[in-house]
Undergrad: 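Okay, here's the structure, questions in a sec.
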Amino acid sequence: MLMLHILLAPLIGLPMLGLLRKRLYRDAAVFGAVSVIGYGLWICIVNHRPFIITIFIERMIEMLKSISTTML
């Protein structure tokens with residue numbers, strides 16, 4: 001677990017600092033949001049509790065179907 005933080009923290013932190021130094025705040029926000037989500041997924045994998053994205057996508061599609069049928 002410690003190795004995950006040692007490897008991923010610089011890979012996220014250094015580009016983030018570079019974007020902030022160049023005053024690209026919007027790009028830094030998008031990069032930060034995507035990186036935090038990816039970081040969370042990797043933490044789940046390291047803890048042997050992988051997040052199965054296909055199940056999540058299936059639930060989202062079913063939710064959208066139910067919303068669209070109630071709106072019509």
Side-chain angles (χ1 to χ4, degrees):
M1 184 70 155
L2 179 63
M3 189 60 108
L4 173 78
H5 298 302
I6 291 171
L7 291 175
L8 286 183
L11 288 175
I12 294 171
L14 293 175
M16 181 72 97
L17 290 174
L19 289 169
L20 291 173
R21 185 184 306 160
K22 292 178 184 176
R23 296 182 184 195
L24 298 172
Y25 301 118
R26 192 176 311 157
D27 293 340
V30 170
F31 177 77
V34 172
S35 297
V36 166
I37 292 168
Y39 200 77
L41 291 173
W42 275 109
I43 287 176
C44 292
I45 291 170
V46 168
N47 287 330
H48 303 290
R49 302 177 132 262
F51 180 77
I52 301 170
I53 196 143
T54 54
I55 293 173
F56 177 73
I57 292 171
E58 177 190 4
R59 288 180 185 165
M60 293 298 290
I61 290 171
E62 292 298 323
M63 181 189 68
L64 291 173
K65 282 182 186 177
S66 68
I67 290 173
S68 66
T69 58
T70 57
M71 295 179 105
L72 296 175

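What you see is a predicted model; the values in this text were computed from it and never measured.
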Undergrad: Is the closest basic N to carboxylate O distance between Glu62 and Lys65 below 4.0 Å?
TA: yes
Undergrad: Report whether Val34 and Val36 are members of the same hydrophobic cluster (ILVMFWY, side-chain heavy atoms less than 4.5 Å apart, transitive linking).
TA: no
Undergrad: Please report the shortest heavy-atom distance between Pro10 and Pro15, naming the atom on each side.
TA: O-CD, 3.7 Å
Undergrad: Tell me the closest heavy-atom pair linking Met16 and Gly32, and the distance in Å.
TA: CE-CA, 3.3 Å
Undergrad: Output, in order, the C-alpha distance, side-chain angles, deciding distance and verdict of side-chain contact (heavy atoms from CB on, under 4.5 Å) for Val30 and Asp27.
TA: CA-CA 5 Å; Val30 170; Asp27 293 340; 5.8 Å; no
Undergrad: Using the rule that Ile, Leu, Val, Met, Phe, Trp and Tyr join whenever any side-chain heavy atoms are under 4.5 Å apart, tell me whether Ile67 and Met60 fall into a single cluster.
TA: yes
Undergrad: Closest heavy-atom contact between Leu4 and Trp42?
TA: CD1-CB, 3.9 Å
Undergrad: Ignoring hydrogens, what is the shortest heavy-atom contact between Ile12 and Ser35? Give both atom names and the distance.
TA: CG2-CB, 3.8 Å
Undergrad: If I take atom CD1 from residue Ile6 and atom CG from residue Leu11, how far apart are they, to the nearest 0.5 angstrom?
TA: 12.5 Å
Undergrad: Between Leu19 and Phe31, which heavy-atom pair has the shortest distance, and what is it?
TA: CD1-CB, 4.0 Å
Undergrad: Should we count CE of Met63 as having more than 12 external heavy atoms under 6.0 Å?
TA: yes
Undergrad: Would you please test His5 and Ile43 for side-chain contact (heavy atoms from CB on, under 4.5 Å) and show each step?
TA: CA-CA 9 Å; His5 298 302; Ile43 287 176; 4.2 Å; yes
